[in-house]
Amino acid sequence: MLGDGALRRVVSVLCVTEIVSWGVLYYAFPVLAAGIVADTGWSLPSVVAAFSAGQVTAAVAGIPVGRAMDAIGPRVVMTSGSVLAVPATCGIALAPTYATFLLAWVVAGVAMSGVLYAPSFAAVTGWAGPDHLRRVRGLTAITLVAGLASTVFAPLTAALADPLGWRATYLVLAVVLLVVTVPAHAVGLRHGWAPERLTDPSARAADDAARRRPFLVLAVAFGLVSFTVYAVLVNLVPLLVERGVGLDAAAVVLGVGGVGQVTGRLFYARLAARTRLVPRTCAVFGLVAVTTLSFTVVSGPVAVLALISFVAGAARGVETLLQATAVGDRWGVADFGRHHGLLTAPVMLAAAVAPWAGAALAGLVGGYATAFAALATLSVVACVLVPLTVERTPSR
């Protein structure tokens with residue numbers, strides 16, 4: 001466990017590396033996808049499929065990476081991930097064929113498992129120790145800053161792509177990864193890593209957590225909510241346009257959700273301090289359901305839609321922190337990396353397939369409104385499952 005000053009320095013390092021890692025490995029792609037299609041002649045679905053393959057790989061690789069975090073600590077794991085991200089990004093940029101492009105994204109997925117949220121959450125959780133509020137404050141700071149990755153890197157990527165093209169842009173971004181994230185992880189995470197198993201009284205309880213019903217139910221509940229959240233996020237504009245909202249106005253409504261996401265994360269520490277675990281989780285999952293359903297029955301005015309989007313974004317932002325603290329709040333911080341990796345894998349898989357599945361569901365049921373109603377039902381189911389994710393009455 002680190003002192004407050006050392007923990008703040010670690011959190012500051014991770015804030016910088018998370019915003020860069022998310023910006024390069026995730027948010028640059030939506031900006032460059034059209035250029036990739038135009039330059040290579042590959043279809044847009046196939047290009048998106050390669051990106052999704054990276055997300056699926058990250059989900060699967062996150063399980064052994066979580067075990068490695070427990071065993072050898074954040075410095076080696078996250079430095080290795082950031083080092084691997086550099087040739088992976090170069091491989092994406094230089095891929096001469098679709099097969100090599102796909103392979104490069106798979107390698108990038110392995111790198112993502114070592115540099116994105118899951119390992120940073122494990123690092124903060126391990127170094128913050130059993131103090132709940134210390135963990136929450138550190139995790140909130142990281143997600144707040146990383147939430148700005150699209151704000152920073154989407155326009156930066158677009159500015160680079162215009163004169164350079166998509167390949168040279170990815171090469172420049174690979175240099176950014178090399179210059180920023182590799183030394184930051186190698187130097188900034190240079191602290192001792194003492195497994196909490198030796199000192200945490202919850203260690204015995206955590207031993208078999210992943211094999212018991214509450215853990216499995218927890219994974220299902222978060223998977224359902226994440227599926228809903230990401231399906232709604234990507235398909236909101238098509239829904240609004242289908243309901244007669246102009247494209248520009250729909251884009252504004254979507255953007256307001258991003259403001260809500262940051263706001264929700266900003267106030268999560270206060271919420272966590274004043275509420276108990278199960279009611280807090282049910283309330284957030286319930287908000288996801290209510291806002292998703294609201295989009296199916298409200299078609300205007302735009303100000304009302306923007307308000308719904310703001311609340312939906314706040315719920316989305318808090319859900320990220322609920323997931324980050326779910327294991328620690330229930331089973332303590334012993335073996336956190338392993339347990340969090342096991343929890344994150346199905347959640348990331350759900351998030352990876354949700355954008356496509358949401359659009360496919362709309363085609364299957366005859367429209368986005370009906371699809372959103374079905375998505376809301378999934379979050380209601382998740383809410384019902386929440387009381388089954390604890391084995392005793394939680395203290396918070």
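The side-chain heavy atoms of Thr281 and Leu277, taken from C-beta on, include a pair separated by under 4.5 Å. At least one side-chain heavy atom of Ile308 sits less than 4.5 Å from a side-chain heavy atom of Phe295. Using a 4.5 Å heavy-atom threshold, the side chains of Leu322 and Phe222 count as touching. For the pair Met78/Leu14, a side-chain contact is recorded, criterion being any heavy-atom separation below 4.5 Å from C-beta on. Under the 4.5 Å side-chain criterion, counting only non-hydrogen atoms from C-beta, Arg316 is not in contact with Tyr230. Between Leu342 and Arg338 the shortest side-chain heavy-atom distance falls below 4.5 Å. In this structure the side chain of Arg75 never reaches within 4.5 angstrom of the side chain of His191, judged on heavy atoms. Taking the side chain as every heavy atom from C-beta outward, Thr169 and Leu32 approach each other to under 4.5 Å.
What you find for Ile142 and Val124 is that their closest heavy atoms are CD1-CG2, 3.4 Å. Here the closest heavy-atom approach between residue Pro387 and residue Val390 is recorded as O-CG2, 3.5 Å. The minimum heavy-atom distance between Leu233 and Leu254, with the atom names listed, is O-CD1, 3.6 Å. Across all their heavy atoms, Arg243 and Ala369 have their closest contact at NH1-CB, 4.1 Å. Smallest separation of non-hydrogen atoms from Gly358 and Ala371: O-CB, 4.4 Å. Ala59 approaches Met348 most closely through the heavy-atom pair CB-CB, 3.5 Å.
Defined by atom type and a distance below 3.5 Å, a donor-acceptor pair is missing between the side-chain atoms of Thr320 and Thr143.
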From CA spacing to verdict: side chain to side chain contact (heavy atoms under 4.5 Å, CB included), Leu307, Val304: CA-CA 5 Å; Leu307 177 61; Val304 175; 5.5 Å; no
Derivation and outcome, side chain to side chain contact (heavy atoms under 4.5 Å, CB included), residues Leu139 and Val136: CA-CA 5 Å; Leu139 296 172; Val136 169; 5.7 Å; no
Trace of the side chain to side chain contact (heavy atoms under 4.5 Å, CB included) decision for Asp329 with Arg280: CA-CA 12 Å; Asp329 285 348; Arg280 177 168 72 244; 3.7 Å; yes
Criterion side chain to side chain contact (heavy atoms under 4.5 Å, CB included) on Tyr117 and Ser120, from CA distance to verdict: CA-CA 5 Å; Tyr117 274 154; Ser120 69; 4.3 Å; yes
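The backbone N or O of Ala376 lies less than 3.5 Å from no partner atom in the side chain of Thr292, so there is not a single donor-acceptor pair. A donor-acceptor contact shorter than 3.5 Å is absent between the side chain of Arg135 and the backbone of Thr325. Put simply, the side chain of Thr377 gets close to the backbone of Ala373: a donor and an acceptor are under 3.5 Å apart. Side-chain N or O atoms of Arg167 include one that pairs as donor or acceptor with a backbone N or O of Ala95 at under 3.5 Å. In this structure, the side chain of Tyr98 engages the main chain of Ser46 through a donor-acceptor pair within 3.5 Å. Side chain of Asn235 to backbone of Ala231: a donor-acceptor contact under 3.5 angstrom is found. Of the possible polar contacts, one joining the Ser309 side chain to the Gly257 backbone as a donor-acceptor pair under 3.5 Å is found. The backbone N or O of Leu375 sits less than 3.5 Å from a side-chain atom of Thr228, completing a donor-acceptor pair. Distance alone, capped at 3.5 Å, is enough to place a donor-acceptor pair between the Trp127 side chain and the Gly192 backbone. Between the side chain of His340 and the main chain of Phe336, no donor-acceptor pair closer than 3.5 Å is present.
In this structure, the separation between CG on Leu189 and OG1 on Thr17 is 7.0 Å, given to the nearest 0.5 Å. In this structure, CZ in Arg330 is found 10.0 Å from CZ in Phe215, a value given to the nearest 0.5 Å. Put simply, OG on Ser294 and CG on Leu305 are 10.0 Å apart, with the number rounded to the nearest 0.5 Å. Note that the CD atom of Glu319 and the CZ atom of Arg265 stand 9.5 Å from one another [nearest 0.5 Å]. To the nearest 0.5 Å, the span separating CG on Leu7 from OG on Ser12 amounts to 9.5 Å. Here OG1 of Thr291 is found 12.5 Å from CZ of Phe310. Values are rounded to the nearest 0.5 Å.
For Trp331 and His339, the ring centers sit 6.0 Å or farther from each other.
Connection of Leu94 to Trp105 is not established within any shared hydrophobic cluster, with ILVMFWY side chains joined at heavy-atom distances below 4.5 Å, either directly or through further cluster members. Under the 4.5 Å side-chain heavy-atom criterion for ILVMFWY residues, a single connected hydrophobic cluster contains both Ile19 and Tyr26. Under the 4.5 Å side-chain heavy-atom criterion for Ile, Leu, Val, Met, Phe, Trp and Tyr, Val259 and Leu266 are members of distinct hydrophobic clusters. Criterion: ILVMFWY side-chain heavy atoms under 4.5 Å apart, direct or through other members. Under it, Met69 and Val11 are not part of a common hydrophobic cluster. Under the 4.5 Å side-chain heavy-atom criterion for ILVMFWY residues, no single connected hydrophobic cluster contains both Leu388 and Val384.
Ring pair Phe101/Trp42 is tilted by interplanar angle, where 30° to 60° counts as tilted. By the 30° and 60° cut-offs, the orientation of the rings of Phe372 relative to Tyr368 is perpendicular.
Around CZ of Phe29, the count of heavy atoms belonging to other residues, nucleotides or ligands within 6.0 Å exceeds 12.
Tested against Leu177 for a side chain to side chain contact (heavy atoms under 4.5 Å, CB included), the candidates Leu25, Val83, Val115, Val182 yield a single pass: Leu25. Evaluated for a side chain to side chain contact (heavy atoms under 4.5 Å, CB included) with Thr181, the options Val20, Val16, Val13 yield exactly one hit, Val20. The residue from Val31, Leu171, Thr40, Val37 that alone fulfils the side chain to side chain contact (heavy atoms under 4.5 Å, CB included) condition with Trp166 is Thr40.
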